[in-house]
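In what follows, chains carry the letters A, B, and so on, assigned in the order in which the sequence lines appear, proteins first and then strands, with residues in each chain numbered from 1.
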Amino acid sequence: RLRKWQSRLRVSDAAERNLAFALSELDRIASQLKLPRHVEEEAARLYREAVRKGLIRGRSIESVIAACVYAACRLLKVPRTLDEIADISRVDKKEIGRSFRFIARNLNLTPKKLFVKPTDYVNKFADELGLSERIRRRAIAILEEAYDRGLTSGKSPAGLVAAALYIAGLLEDEKRTQREVAEVARVTEVTVRNRYKELVEKLNLKIPV
Amino acid sequence: MVDMSNVKLRIENIVASVDLFTQLNLEKVIEICPNSKYNPEEFPGIICRFDEPKVALLIFSSGKLVVTGAKSVEDIERAVNKLIQMLKRIGAKFQRAPQIDIQNMVFSGDIGMEFNLDAIALSLPNCEYEPEQFPGVIYRVKEPRAVILLFSSGKIVCSGAKSEHDAWEAVRKLLRELEKYGLIEEEDEW
DNA sequence: AGTTTACTTTCTAAAGC
DNA sequence: GCTTTAAAAAGTAAACT
């Protein structure tokens, strides 16, 4: 009987140690990504639920925490790419992606709840680039027309937004270079250029020279 | 009824497991395999490539093989027979015919229509779509078991099927689901 | 900037770690 | 779970010219 008690204590000890480790890892990621408190709290809530449902089995705590952070960002429409999270996590992007899909399926995080519109990325990138409200509206108008014309399926939302901001900057005389928009969107200049070319061509945009 | 008349499927790759029912001395086998590689530290089998038929074979000491890259079941049979002839020259004995099991077939194809993948992701149950990671929708068919990658162009990749019939059946089920959720007719405006 | 090569996703078996 | 093999889709990436 004493043995049983000890084993139970050991189990709860381990569980507490794991939770403490998970939450400290979450804290580290959240502070480095400068995430709002409500996002960190949502990630913690998702993690506790994942533990309660036994979803950690076979996965590292770090990959599940990173996945919860990514899921919380998507749920609360706080744009953060998987790359940004992978950069500061010890686990690679592939593993975080797997954990993300797994918890999304098991915590009923539907594509609808997780959907982040390309326009949701506009403000984040525009903030970092110091772009005006007029540019943001113009970029959103471009993105909406691109969506209506079927030019966005399968493309990287970040790349599309970067190109839309680049074009809006040219049209509204508040230019940012391809390099600058590519950097905040975390895509390459080649991607910005490719999206730019397609949007200008298919939406018949007249770029002032 | 789902209209499949515009749907095309092409075999791209067939994977088969084979049992030759004979133990093999891999050290001897490498010597008669021209373009082969054998590093037991990193992988327990010999990796061997044939030009005709164009396939890759993984040869294990148990006498079991994995043949990949074939475009037809006949290519696999020819490759296996070719290897058996080579093995006979180094003294391998074959008491019975090899057992060949098709394990996986990969098809590329076209549904003949464009798709709004965002709309599909929002209403087609049990599908995955993460455009930041991969440009296609991933749809898993339970029976027959197969996975279909659907792109906005309407092009598809079907893998995991064990026969061409199963692949067609899987595509038919995907189209039935797309139709059920009203994701089929759209073309010009969404 | 354009080209080439290469990686992302899906599948599957093999023997062994 | 990993290791190795093949193949396509379309997007993105990186290394060269």
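In terms of modelled atom types and a separation under 3.5 Å, the side chain of Thr22(B) and the main chain of Lys93(B) share a donor-acceptor contact. Formation of a donor-acceptor pair under 3.5 Å by the Asp27(A) side chain with backbone atoms of Leu23(A) is not found in this model. Arg28(A) contributes a side-chain N or O that, together with a main-chain N or O of Ile88(A), makes up a donor-acceptor pair within less than 3.5 Å.
Checking the phosphate oxygens (OP1, OP2) of dT12(D), a side-chain nitrogen or oxygen of Arg195(A) falls inside 4.0 Å. In this structure, Arg10(B) does not reach the dA8(D) phosphate: none of its side-chain N or O atoms is under 4.0 Å from OP1 or OP2. Within the structure, every side-chain polar atom (N or O) of Ser156(A) is placed at least 4.0 Å from both OP1 and OP2 of dG11(D). Phosphate contact (OP1/OP2 of dA13(D), side-chain N/O of Thr191(A), threshold under 4.0 Å): present. Between dA14(C) and Ser17(B), no contact under 4.0 Å exists linking OP1 or OP2 to a side-chain N or O. For the OP1/OP2 pair of dT5(D) and a distance below 4.0 Å, the side-chain nitrogens and oxygens of Lys37(B) include at least one atom meeting the criterion. Residue Lys197(A) places at least one side-chain N or O under 4.0 Å from the OP1 or OP2 atom of dG2(C).
The same atom, C1', is picked in dA9(D) and in dA14(C); the two are 27 Å apart, to the nearest Å.
The pair Arg45(A)-Glu41(A) does not meet the salt-bridge criterion, since no charged nitrogen lies less than 4.0 angstrom from a carboxylate oxygen.
Counting to the nearest Å, the C1' atom of dG16(C) and the CG atom of Asn39(B) are 15 Å from each other. A straight line from OH of Tyr129(B) to C1' of dT8(C) spans 14 Å, rounded to a whole angstrom. Taking atom CG of Leu117(B) as the reference point, atom C1' of dA9(D) lies 12 Å away to the nearest angstrom. Across the protein-nucleic acid pair, Ile111(B) atom CD1 and dA9(D) atom P stand 15 Å apart, rounded to whole Å. Here dA6(C) presents its C1' atom at 14 Å from CZ of Phe134(B), a figure rounded to the nearest Å. In this structure, Ile59(B) places its CD1 atom 13 Å from P of dA15(C), rounding to the nearest Å. Remark: P of dA14(C) and CD1 of Ile76(B) are 15 Å apart, rounded to the nearest angstrom. A straight line from CG of Asp19(B) to P of dA14(C) spans 9 Å, rounded to a whole angstrom.
Near DNA chain C, defined here as any heavy-atom distance below 4.0 Å, the residues from residues 101-124 of chain A are Arg101(A), listed numerically. At a non-hydrogen distance threshold of 4.0 Å, Arg145(B), Val147(B), Leu149(B) from residues 145-155 of chain B come into contact with DNA chain C.
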Q | Tyr147(A)/Leu160(A) under side chain to side chain contact (heavy atoms under 4.5 Å, CB included): CA gap, chis, key distance, verdict | A | CA-CA 10 Å; Tyr147(A) 179 82; Leu160(A) 286 165; over 6 Å; no
Q | Stepwise side chain to side chain contact (heavy atoms under 4.5 Å, CB included) check, Lys162(B) with Met105(B) | A | CA-CA 6 Å; Lys162(B) 289 207 173 353; Met105(B) 294 181 91; 5.9 Å; no
Q. What's the verdict on side chain to side chain contact (heavy atoms under 4.5 Å, CB included) for Arg140(B) and Asn126(B), showing C-alpha distance, side-chain angles and the deciding distance?
A. CA-CA 7 Å; Arg140(B) 284 156 211 283; Asn126(B) 306 312; over 6 Å; no
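Within the 4.5 Å cutoff, no side-chain heavy atoms of Leu143(A) are placed close to those of Thr152(A).
Side-chain polar atoms of Gln85(B) and Arg89(B) form no donor-acceptor pair below 3.5 angstrom. With 3.5 Å as the limit, one finds no donor-acceptor pair spanning the side chains of Glu132(B) and Thr81(A). A donor atom on one side chain and an acceptor atom on the other are not found under 3.5 Å apart for Ser152(B) and Ser153(A).
Checking dT10(C), dT8(C), dA15(C) against the side-chain heavy atoms of Lys94(A) singles out dT8(C) as nearest. For Val106(B), counting side-chain heavy atoms from C-beta on, the closest listed nucleotide (dA7(D), dA14(D), dC2(D)) is dA7(D). Of the candidate nucleotides dA7(D), dA10(D), dT3(D), dA10(D) has the atom lying nearest to any side-chain atom of Pro135(B). Minimum atom distance to the side chain of Val157(B) is reached by dT10(C), of the listed dT10(C), dT8(C), dT5(D).
Residue Leu58(B) is in base contact, counting any heavy-atom pair closer than 4.0 Å across all strands shown. Using a 4.0 Å heavy-atom distance criterion, Val67(B) is classed as making no nucleic acid contact. Ser61(B) comes within 4.0 angstrom of nothing in the nucleic acid, heavy atoms only.
Mapping Val190(A) and Val15(B) onto DNA chain C by nearest heavy atom places Val190(A) closer to the 5' end of the strand. In this structure, Phe43(B) and Arg140(B) both approach DNA chain C, and ranking their closest nucleotides by distance from the 5' end singles out Arg140(B). Nearest-nucleotide positions on DNA chain D for Leu160(A) and Glu12(B) put Glu12(B) closer to the 5' end. With the nearest nucleotide of DNA chain D identified for both Lys155(A) and Asn13(B), Asn13(B) has the one nearer the 5' end.
With a cut-off of 3.5 Å on both Watson-Crick or G-U wobble distances, the partner of dA7(D) is given as none.
Considering all non-hydrogen atoms of both residues, Leu20(B) and Pro98(B) come closest at CD2-CB, 3.9 Å.
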